[in-house]
Amino acid sequence: MSSPTEDQPIIAEDLILLDADLGESKAAVIERLAGVLAAAGRATDTDALRDAALAREAQSATGLPGGIAIPHCRSESVTSASLGFARLNPKVDFGAPDGPADLVFLIAAPAGAGSAHMKLLSSLARALVKPEFVTSLRNASSAAEIVSLVDGVINPAAKPAVAATAATASAATVSTAKHSAAATPAEASAPKHIVAVTACPTGIAHTYMAADSLVAAGERAGVTVHVETQGSSGSTPLDPAIIAGAEAVIFATDVGVKGRERFAGKPVISSGVKRAINEPDVMLTEALRAALNPDAARVGGTAVAAGSNDSAGELGWGTRIRQILLTGVSYMIPFVAAGGLLIALGFLLGGYEIKDVAEDIVVNNSLTALPDGGILAYLGAVLFQIGALSFSFLVPALAGYISYAIADRPGLAPGFTAGAVAVLVGAGFIGGLVGGLIAGFVALWISKWKIPAVLRGLMPVVIIPLFATLIVGAIMFLLLGKPLAAITSGLTNWLNGLSGSSVIILGIILGLMMCFDLGGPVNKAAYAFATAGLSVTDTASLRIMAAVMAAGMVPPLAMALASTVRSRLFTEAERENGKAAWFLGAAFISEGAIPFAAADPLRVIPSMMAGGAVTGAMIMGFNVTLSAPHGGIFVFFAIGNLIWFIVSLAVGTIVSAFLVVSAKQFIKGKNAPTEAEIDPALATV
């Protein structure tokens, strides 16, 4: 086996399978290709690579029109950016709108892949929207020919005839041929043009395919399209002059748009990134129509006037608000995880009483002047205090990044300030949510002020932060602080006062939420509710944290158990997933169950929710507590009533496993595994 290096070519003959039968499910195909990469020394762990690709697949299908699929991921197990290729016979469904795929590229990137490698991978993604390249892949007679074809598109420097195109791609900004490096000044000044931003969660493939699809649609319509690809190979922002002269803007993204304020006031069409790949001509038509409609939706949240029929493609406010809140939560969680685990380690070393003396110990003692209790007490105090300081950023970070999601960087200062005010007045998590929203929308409003040109350069760094901070701070102190603090205090008192059936019902609700979408918005809402209120002096919050973590551990553990005790009900790929799910579940990584839920949602998800509800109810009923926000069974030292934690987790896991086995055995679904999937040896019979 060769030792991979950064100089290793991205594709080689040993990474190619031609006219191969890799099974009847995309999970089986991905697993086989992951195994090919691992066997070639491109990855250290087949299971980890497969799970990462399936987790990305669960976010959105990677099948594309024309019989193509591009499963892709970043993974710590990948040692060198690589492409695994399979030309399938028979075809396998990857979720494309026009049917199954026969050409599959598994795009595997290291977790910290450099920009040079990411540009090569994005070049391949762009080539896949070109019919002649796809036809050549289907007609190739050998693995060597496939390598040559792929190398021709990912190393354009080897082809001088397309040097201008390569230069354009490396800048991560795409335009039509009229605006290539060879364009004349007259052509470059064409009056009608559209600007667009494309971005997908991993920034490897869909980002660039969407860009080229929109450019190709523009060529067909005689319209110049400039695209800013906010992907992994870097992003060169569009020239402000090009943005200023654009008729409209298209946002084809699955994540937030960076620098959204640059497009303020432009008519906008918004969608997920895959729509730009599947329907680029429709999106371009919608954008041109919006440019002619004074009532069309515009960047910055301007509402479409009543009666307008041209809101197609614009994200609804419900979706937008959800994205905004999840942005805040996603940036908040690292503070919670780091702070909570450090606090728990502080308790492990210094005992629970350390919380009362930690600040005094770290200020007045040192390694050469230890406090009473010796080195363990001192280290426990240090860990507790570091964790407490990290935890203190929880609400400001939540509010700051909610504001950032609305108003971009100018919203950070007013958002963090709103969160700090919420902490000061006792408004807590609820105050952070409200303050962050107010800060963001105030900053966005100020960004639309008409000011002299000489002052415009001061807007993002002085004027917007200054006035937005002043306004949101005044609103929080003078109007909303005390009411929000009263709500927070009332909620805390209500939780502390719960007993009997009420507390069990809360546990059931939290358990259902944690198991519904495995890291999605509902799961994140329950987790954020628990972590935001976590306080080592508040027993109710510790019980909620225990219920949320235990319920979140149920899905992967249940699927691991089910695929072990009734293995013949699961495909070979699922049985392998089940082996990894034991550890993932024990570590409170709910995403370990995603491959099972993605393959068979109607039978798996309800089963997991039932077990999670049982565990949540038992945790609350038996007064189990948890002072760490993450870690699973590995933070046992932070769990109160550990025995009942384990019993509750075991019961929920068994309930879910029993239900999913029963559902698979007695309820036939369209995704039921074939005999060949259950036992590959049967495929040859």
Side-chain angles (χ1 to χ4, degrees), residues 76 111-112 329-398 400 416 419-420 423-424 428-429 432 527-528 530-550 552-553 583-589 619 623-646 649:
E76 296 285 353
V329 170
S330 67
Y331 280 104
M332 175 195 79
I333 286 175
F335 291 96
V336 175
L341 289 171
L342 287 170
I343 288 172
L345 289 172
F347 287 150
L348 178 64
L349 295 181
Y352 279 91
E353 65 278 1
I354 201 68
K355 65 180 183 292
D356 300 320
V357 295
E359 184 174 355
D360 179 68
I361 289 176
V362 297
V363 171
N364 297 310
N365 294 274
S366 67
L367 286 173
T368 58
L370 295 173
D372 294 340
I375 186 66
L376 290 181
Y378 180 69
L379 293 178
V382 170
L383 290 172
F384 179 90
Q385 200 61 32
I386 294 173
L389 290 171
S390 175
F391 226 71
S392 69
F393 286 100
L394 187 157
V395 174
L398 173 70
F416 269 85
V423 173
L424 182 63
F429 177 63
Y527 183 70
T531 55
L534 186 59
S535 170
V536 295
T537 60
D538 181 4
T539 302
S541 72
L542 300 182
R543 292 164 69 189
I544 290 171
M545 189 70 251
V548 163
M549 188 168 82
M553 295 167 67
F583 175 80
L584 296 175
F588 181 35
I589 301 174
I619 290 286
N623 296 317
V624 179
T625 60
L626 174 65
S627 57
H630 215 292
I633 199 65
F634 301 104
V635 291
F636 62 90
F637 52 84
I639 300 172
N641 290 335
L642 178 61
I643 296 300
W644 280 114
F645 181 92
I646 295 172
L649 178 60

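Both backbone and side-chain heavy atoms feed into the values below; hydrogens, waters and symmetry mates do not.
Interatomic distance, Leu626 CG to Phe636 CZ, rounded to the nearest 0.5 Å: 13.0 Å. Taken to the nearest 0.5 Å, the CD1 atom of Ile544 stands 12.5 Å off from the OG1 atom of Thr625. The distance from the OH atom of Tyr378 to the CG atom of Leu383 is 10.5 Å, given to the nearest 0.5 Å. Going from atom CD1 of Ile386 over to atom CZ of Phe384 covers 12.0 Å, rounded to the nearest 0.5 Å. The line from CD1 of Ile633 to CG of Leu649 is 7.0 Å long, rounded to the nearest 0.5 Å.
For Asp372 against Ala377, the heavy-atom pair with the smallest separation is O-CB, 3.7 Å. Closest non-hydrogen pair, Glu359 versus Gln385, comes out as N-OE1, 3.4 Å. Between Phe645 and Met549, the shortest heavy-atom distance links the atoms CZ-CE, 4.2 Å. Contact detail for Ala546 and Val624: the closest heavy-atom pair is CB-O, 3.6 Å. Closest heavy-atom contact between Gly387 and Leu342: CA-CB, 3.7 Å.
Between Leu367 and Ile375, the closest side-chain pair of non-hydrogen atoms falls below 4.5 Å. With a 4.5 Å cut-off on side-chain heavy atoms, Arg543 and Asn623 count as touching.
Partners of Ser366 under the side chain to side chain donor-acceptor pair (under 3.5 Å) rule, at least two apart in sequence or in another chain, are Thr368.
Listed for the Ser392 side chain is a donor-acceptor partner under 3.5 Å among the backbone atoms of Leu389.
In this structure, Asn364 places its CG atom where more than 12 heavy-atom neighbours from other residues, nucleotides or ligands lie under 6.0 Å away.
A side-chain contact (heavy atoms from CB on, under 4.5 Å) with Leu379 holds for exactly one of Ile361, Ile354, Leu349; it is Leu349.
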